[in-house]
Amino acid sequence: MTNPSARWRALRPLHLDLRTRLTLSVMLIALLSTLGVAAGAFFYIRNNTLEVIASDQMQRTVAIAEAIDQKFISRRVLLKAFAESLEAQQLRGTAQLQPFLLRHTALVEVFDNVAVLDRTGDLVANYLGLEALGKLNLADRPYFTETLASDKG
């Protein structure tokens with residue numbers, strides 16, 4: 001038969017002296033503290049970084065929107081100046097519109113094409129595609145009829 005005290009000692013966990021238990025406890029506390037600080041720092045840095053990225057993206061979006069707005073404004077001013085110079089010329093007939101349009105090279109630097117329509121919707125001057133002159137009519141287009149109705153370009 002086996003000795004009951006020997007059997008009891010085999011089931012009992014390792015018997016460690018006080019110094020070893022204290023050392024292991026301090027090491028465990030240090031490890032848990034280090035993990036806690038590292039986890040806290042990670043979450044702080046992650047959240048802070050996400051805020052910085054979001055703020056940077058918003059600033060870039062605002063800057064791009066402002067640049068687009070400025071392009072629209074400058075193009076509108078250029079078209080208004082062209083329209084005013086067209087009125088000041090007091091051209092007689094539509095035949096003089098094409099040469100006048102072609103002299104304004106700044107328009108092509110800003111726009112892909114510039115076309116002049118009469119009140120009936122016929123194309124009377126066009127920077128590109130001269131073959132469409134007199135053959136294209138936009139009177140049935142909603143944007144053309146709305147522009148005529150409002151009397152504003």
Side-chain angles (χ1 to χ4, degrees), residues 1-88 97-98 100-117 121-133 135-153:
M1 257 192 59
T2 59
N3 185 356
S5 63
R7 199 165 129 198
W8 177 253
R9 273 186 249 150
L11 294 176
R12 195 173 65 185
L14 291 174
H15 181 70
L16 301 173
D17 64 348
L18 182 60
R19 182 180 293 165
T20 306
R21 285 187 295 193
L22 282 174
T23 302
L24 289 174
S25 298
V26 169
M27 286 174 50
L28 183 62
I29 290 171
L31 177 65
L32 291 175
S33 297
T34 303
L35 288 175
V37 168
F42 172 75
F43 285 116
Y44 173 76
I45 290 171
R46 180 178 173 270
N47 289 340
N48 193 25
T49 303
L50 289 176
E51 288 176 12
V52 168
I53 289 171
S55 173
D56 185 52
Q57 286 178 343
M58 182 56 75
Q59 289 174 352
R60 288 176 191 234
T61 302
V62 167
I64 290 170
E66 288 175 358
I68 290 171
D69 287 345
Q70 287 303 314
K71 283 184 178 183
F72 276 118
I73 290 169
S74 66
R75 289 175 180 187
R76 189 175 295 150
V77 167
L78 181 62
L79 282 177
K80 186 175 180 181
F82 174 72
E84 289 172 355
S85 70
L86 187 61
E87 286 178 9
L97 283 172
Q98 187 65 38
F100 179 76
L101 178 63
L102 293 176
R103 284 194 303 266
H104 287 81
T105 57
L107 293 171
V108 175
E109 293 176 17
V110 178
F111 299 103
D112 290 334
N113 188 19
V114 176
V116 179
L117 306 169
D122 289 328
L123 180 68
V124 292
N126 192 20
Y127 214 90
L128 301 175
L130 301 178
E131 64 276 354
L133 292 178
K135 298 177 185 173
L136 180 67
N137 186 291
L138 302 178
D140 60 339
R141 308 285 169 92
Y143 56 84
F144 183 76
T145 55
E146 289 172 10
T147 301
L148 285 180
S150 69
D151 202 29
K152 293 183 180 177

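- Residue His104 comes nearest to Ser85 through the heavy atom pair NE2-OG, 3.8 Å, listed as atom of the first residue, atom of the second, then distance.
- Among the candidates Thr34, Ile29, Leu28, the single residue satisfying the side-chain contact (heavy atoms from CB on, under 4.5 Å) test with Leu32 is Leu28.
- Atom CG in Asn48 sits 10.0 Å away from atom CD1 in Ile53 (nearest 0.5 Å).
- Within 6.0 Å of atom CZ in Arg21, more than 12 heavy atoms from other residues, nucleotides or ligands are found, so the atom counts as buried in its surroundings.
- Considering only heavy atoms from C-beta on, Asp56 comes within 4.5 Å of Arg60 through its side chain.
- Under the 4.5 Å side-chain criterion, counting only non-hydrogen atoms from C-beta, Phe144 is in contact with Leu148.
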- Show the numbers, then the answer: is there a side-chain contact (heavy atoms from CB on, under 4.5 Å) between Leu138 and Leu123? CA-CA 8 Å; Leu138 302 178; Leu123 180 68; over 6 Å; no
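- For the atom pair Phe111 CZ and Leu79 CG, the distance stands at 3.5 Å (nearest 0.5 Å).
- A distance of 9.0 Å separates NZ in Lys135 from CG in Leu133, rounded to the nearest 0.5 Å.
- In this structure, Leu102 CG and Leu97 CG are separated by 10.5 Å, a value rounded to the nearest 0.5 Å.
- Between the OG1 atom in Thr23 and the CG atom in Leu18 there is a gap of 9.0 Å [rounded to 0.5 Å].
- Looking at every heavy atom in both residues, Gln98 comes nearest to Val124 through OE1-O, 4.4 Å.
- Side-chain atoms of Thr147 come within 3.5 Å of backbone N or O of Tyr143 as a donor-acceptor pair.
- Heavy atoms only, all atoms of each residue included: Leu101 and Tyr127 are closest at O-CE1, 3.2 Å.
- A distance of 15.5 Å separates NZ of Lys71 from CZ of Arg76, quoted to the nearest 0.5 Å.
- Side-chain atoms of Asn113 and Asn126, non-hydrogen and from C-beta on, do get closer than 4.5 Å to each other.
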